[in-house]
Protein chains: 2
Amino acid sequence: MSRHLPSTQALQCFEAVARCGSVTRASEQLNMTQSAVSRQLRSLEDLLGVHLFERSRQRLRLNANGAAYLDSVTPALDQLRNATQRARRAASGHLCVGIEPALASAWLIPQLRGFSRAHPHISVELMTDMEKLHAASTQWDLAIVYGEPDEGGQACLPLMREHLVAVASPELLKSGPAVRDFADVLQYPIIHHTGPYSTSASWLTRAGLNEREIRQLPGPRMETFSLVQQCAQQGLGIAFLPTYFVTEALGNGSLVEISDLRLTSEQHYNLLLPQARHSPTVALFSDWLQSLAAP
Amino acid sequence: MSRHLPSTQALQCFEAVARCGSVTRASEQLNMTQSAVSRQLRSLEDLLGVHLFERSRQRLRLNANGAAYLDSVTPALDQLRNATQRARRAASGHLCVGIEPALASAWLIPQLRGFSRAHPHISVELMTDMEKLHAASTQWDLAIVYGEPDEGGQACLPLMREHLVAVASPELLKSGPAVRDFADVLQYPIIHHTGPYSTSASWLTRAGLNEREIRQLPGPRMETFSLVQQCAQQGLGIAFLPTYFVTEALGNGSLVEISDLRLTSEQHYNLLLPQARHSPTVALFSDWLQSLAAP
DNA sequence: GTTAATTACGTCGACCGTAAGTATG
DNA sequence: CATACTTACGGTCGACGTAATTAAC
C-alpha cells in the first residue's frame with residue numbers, strides 16, 4: 001500500500017484544469033505558468049498510473065477516470081480549504097456568522113455591542129446572504145437558521161422559539177373592532193408574508209383557514225419582515241411578525257399590538273456548527289448566543 | 001484570501017501525530033525521522049498562525065484548535081486516499097467488491113467465472129467482512145448490500161429482490177403433514193435465523209405471528225445462512241432461506257422444498273457505488289451485475 | 001541518564017519560470 | 001500563422017536526514 005498522496009498543489013491544478021477545461025485558463029486562476037500546471041498534471045497522472053484527460057483538438061476533456069477522481073477531490077479540497085480558513089480565522093480572532101438579515105438587524109446587532117465590549121479581540125462578521133450560506137464552498141464558523149437544517153453532518157443546537165404577534169398602526173386599530181381570538185384579525189386587511197415560513201400563513205392557519213382560503217385573501221404580499229413592517233406602519237393592514245422584530249417599533253409607538261394573543265411557532269431557531277469540535281473563539285460566541293436565548 | 005493550502009505531507013504528519021500523541025511514534029508510521037515530522041508540524045502551525053498542540057511534559061496533546069482542525073482534515077484525507085487508491089486500482093485493472101459471504105459464495109462466485117473469462121484483464125477481489133466495509137477508511141469500488149444503505153452520499157441502485165423458500169431435509173418432510181399456507185410450517189420445528197434481516201422472522205410474521213410470539217418459539221437460532229442450512233440438512237427443522245442460497249442443495253437432494261410457497265421480501269439487494277461517476281472498470285462490472293440480476 | 005522534542009546544517013530533489021518545440025485549426 | 005499544450009534547461013527554495021541541543025522525568 002503506497003502511502004504517497006498527490007500534493008495539494010497537484011490536486012488544485014487538476015481541479016482548476018478540470019473546471020476550466022484549459023491549462024491556460026487554469027494557470028491564470030492559479031497564478032502559475034502554463035508549463036507548471038501542465039507538468040503538475042502529468043506528474044499526477046504518472047503518480048496514479050491513469051490518464052485523467054482526453055487530449056485532443058487543442059483541448060483537454062475529462063476522462064471517465066478523471067471525472068470519478070474529480071468527484072472525490074473537489075469536496076475533499078473544499079473541506080480542507082474551509083478548515084484551513086477557519087483555523088486562520090481562529091488565530092486572527094475573526095468570526096464569520098451566518099444569520100438572516102431580519103434577525104440580525106432586529107435581534108443580534110443590538111446585543112452585539114455587549115459581546116464586543118466583553119471580547120474586544122474578537123471581530124464578528126455577519127453573513128446575511130442565505131443563498132451563499134447554503135453553498136458548500138462558503139466559509140462560516142456558525143450560523144443561526146430557522147427551522148430544520150437541510151444537512152445532517154454538523155452539530156445543531158436549539159436556540160430559541162419564535163413568538164408571533166399581530167401589530168398594526170395605531171390609526172388602523174382605532175378604526176376597527178377589538179380582536180379577541182385568532183380569527184378576529186380577518187375583520188382587518190391583512191399584510192401577508194411570503195416565503196417558506198410565512199408568519200401570516202401560520203397565524204391564519206391557527207385561525208382555522210386552509211391553504212387555499214389563505215391564498216385567496218386580499219392584501220399586499222411581502223417577502224421580508226422589513227417590508228411587512230413598513231406596510232403595517234403605513235396603515236395598510238395587520239402584520240404578523242416575530243416579537244424580536246417589532247420591539248423597537250412598539251417602543252416608539254409607530255406600531256401597536258392589536259391584542260395580547262401570541263403564537264408560538266412550531267419551528268424554532270437553531271444554532272448550526274459546521275463541525276462537532278470547535279475552536280475557543282467559536283465556543284465563546286456560541287455560549288454567549290445560548291445565554292442570550294435561554295432566558 | 002490566501003490560496004495557500006498546507007501540503008498533504010504536512011497534513012498527514014499532523015494527522016499521524018494527533019493520532020499517536022507523539023512525534024516519535026508518528027515518524028515511525030510515516031517512515032520519516034522525528035525532526036522531519038517536527039518541522040512539518042511547526043510549519044503547519046506557522047502557516048495557519050495557530051497552535052494546534054499543547055506542548056508539555058514531553059508529550060503533545062491536541063489543542064481545541066487542533067481538535068477542530070483534525071475533525072475536518074481526517075475525513076478529507078480519507079477521501080483523498082480512497083479516491084487515489086481507486087484511481088490506482090482502475091489503472092491496474094483491479095476491482096474491490098464488497099459483498100456478504102453468503103451471497104458471494106452462493107450467487108456471485110459461481111457466476112464470476114463468466115465475467116473473468118470475458119474480461120481477463122480485470123481481477124476481482126471480494127471483501128466479505130461487512131464490518132470493515134462500513135468503516136469510512138476502507139476502500140472498495142462497489143458493494144452489494146441487503147436493505148437500505150445507511151449512508152446517503154453515494155449512488156444506490158436496486159439490484160434484485162430476494163425470494164424466501166422453506167426447505168427441510170427429505171426425511172423430515174416425509175414425517176410430517178403437508179404445508180399449504182404460511183402458517184402450516186408451525187407444525188414442524190423451526191430453525192431460526194437471527195440478525196437485522198431475519199428470514200425466519202419474515203416468514204413467521206407473514207404467517208400471522210407477532211414479534212413476541214416468534215421470540216417464544218422453540219428451535220435452534222443461527223446467525224448465518226450457512227449454519228441455518230446445515231441445521232436443515234441435519235433434519236433439525238424447517239429453514240427459511242433465499243432461493244439463490246439453496247439452489248445447489250435442492251439440486252443434489254440434500255434439501256427439499258416443503259411447498260411451492262415463496263415469500264418476496266420487502267427489502268432487496270442494492271448496488272452501492274461510493275461515487276456518482278465511476279471508472280470504466282467499475283462501470284463494466286456494475287453493468288454486468290445488473291444484467292445478472294435483471295432477468 | 002534516558003527519553004523525547006526542537007534546532008542547526010549540508011545535501012538533494014522538487015517545482016517554478018523562461019523559452020523552445022509540436023500539433024491543431 | 002496563431003493558439004494551446006508539451007518538453008528542455010537552469011536556478012531557487014523547500015524538505016529531508018544526520019547530528020547537536022534542550023527539556024522533562
Side-chain angles (χ1 to χ4, degrees), chain A residues 2-63 65-67 69-70 73 77 80 84, chain B residues 2-63 65-66 70 73 77 80 84:
Chain A
S2 65
R3 291 215 167 276
H4 277 54
L5 280 182
S7 67
T8 45
Q9 284 278 16
L11 293 172
Q12 282 181 300
C13 287
F14 168 65
E15 189 204 24
V17 171
R19 184 157 26 85
C20 303
S22 151
V23 175
T24 308
R25 233 71 57 81
S27 66
E28 290 163 5
Q29 286 194 10
L30 297 167
N31 288 321
M32 296 168 68
T33 57
Q34 283 186 20
S35 76
V37 176
S38 177
R39 253 178 292 114
Q40 287 285 9
L41 240 55
R42 165 158 293 280
S43 61
L44 179 61
E45 287 180 325
D46 287 349
L47 186 75
L48 298 178
V50 191
H51 282 281
L52 300 169
F53 291 94
E54 204 67 51
R55 264 94 168 168
S56 65
R57 301 174 304 148
Q58 264 184 318
R59 274 183 84 96
L60 278 79
R61 274 200 34 233
L62 264 185
N63 200 338
N65 287 316
Y69 196 54
L70 182 68
V73 168
L77 282 182
L80 284 182
T84 302
Chain B
S2 64
R3 292 215 165 277
H4 277 52
L5 280 183
S7 67
T8 44
Q9 285 279 14
L11 293 172
Q12 282 181 300
C13 288
F14 168 64
E15 189 205 22
V17 171
R19 184 157 27 84
C20 304
S22 149
V23 174
T24 308
R25 234 70 56 80
S27 66
E28 290 163 5
Q29 287 195 8
L30 297 167
N31 286 323
M32 295 169 69
T33 57
Q34 285 186 18
S35 75
V37 176
S38 177
R39 253 177 295 113
Q40 286 284 11
L41 241 55
R42 163 158 295 279
S43 60
L44 179 62
E45 287 181 324
D46 286 349
L47 185 75
L48 297 177
V50 190
H51 282 283
L52 300 169
F53 291 95
E54 204 69 50
R55 265 95 169 169
S56 64
R57 301 175 301 150
Q58 263 184 321
R59 273 182 85 96
L60 278 78
R61 275 201 34 232
L62 264 184
N63 199 338
N65 287 315
L70 183 69
V73 168
L77 281 181
L80 284 182
T84 302

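Note that the coordinates shown come from a computational prediction; the quantities given were computed from them, not determined experimentally. Letters go in sequence order (proteins before strands), and every chain restarts at 1. Any value given below was found using the heavy atoms of this structure, including those in side chains, with hydrogens, waters and symmetry copies removed.
Atoms CG (B:N31) and P (D:dA15) sit 19 Å apart, rounded to a whole Å. Here C:dA5 presents its C1' atom at 13 Å from CZ of B:R25, a figure rounded to the nearest Å. Atoms CE (A:M32) and P (D:dC13) sit 16 Å apart, rounded to a whole Å. At whole-Å resolution of the value, CD in B:Q9 and C1' in C:dG13 are 13 Å apart. Distance B:L60 CG to C:dT3 P: 18 Å, rounded to the nearest Å. Protein atom NE2 of B:H4 is 14 Å distant from nucleotide atom P of D:dC13, rounded to whole Å. Protein atom CD of B:Q34 is 13 Å distant from nucleotide atom C1' of C:dT2, rounded to whole Å.
Taking a 6.0 Å sphere around CZ of B:R61, one finds it holds 12 or fewer heavy atoms contributed by other residues, nucleotides or ligands.
Put simply, CG on B:D46 and NE2 on B:H51 are 8.5 Å apart, with the number rounded to the nearest 0.5 Å. Annotation: the span from A:C20 atom SG to A:R25 atom CZ amounts to 7.0 Å, rounded to 0.5 Å.
Relative to the axis of its first five pairs, the axis of the last five pairs of the helix from C:dG1-D:dC25 to C:dG25-D:dC1 sits at 30°, rounded to 10 degrees.
Remark: B:R39, B:Q40 in residues 37-49 of chain B come within less than 4.0 Å of DNA chain D through at least one heavy atom.
One finds no side-chain N or O of B:S35 lying less than 4.0 angstrom from the OP1 or OP2 phosphate oxygen of D:dA19.
For the residue pair B:R39 and B:S35, a side-chain donor N or O sits within less than 3.5 Å of a side-chain acceptor on the partner. For B:S27 and B:Q34, the side-chain atoms include no donor-acceptor pair closer than 3.5 Å.
Contact annotation: side chain of A:T33 to base of C:dT18, donor-acceptor pair absent below 3.5 Å. Judged by distance alone, with hydrogens and angles left aside, A:T24 brings no side-chain donor or acceptor close enough to the base of D:dT3 to form a pair under 3.5 Å.
Annotation: ring pair (Phe, Tyr, Trp, His ring centres under 6.0 Å) contacts involving residues 11-41 of chain A, sequence neighbours excluded, comprise A:F14-A:F53, A:F14-A:Y69.
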**OP:** Might you work through the side chain to side chain contact (heavy atoms under 4.5 Å, CB included) test for A:L70 and A:L52, ending with a clear yes or no?
**Re:** CA-CA 9 Å; A:L70 182 68; A:L52 300 169; over 6 Å; no
Subject >> Working for side chain to side chain contact (heavy atoms under 4.5 Å, CB included), residues A:T24 and A:E28 >> reply: CA-CA 6 Å; A:T24 308; A:E28 290 163 5; 3.9 Å; yes
**OP:** Run the numbers on B:L60 and B:L41 for side chain to side chain contact (heavy atoms under 4.5 Å, CB included), then give the verdict.
**Re:** CA-CA 11 Å; B:L60 278 78; B:L41 241 55; 3.8 Å; yes
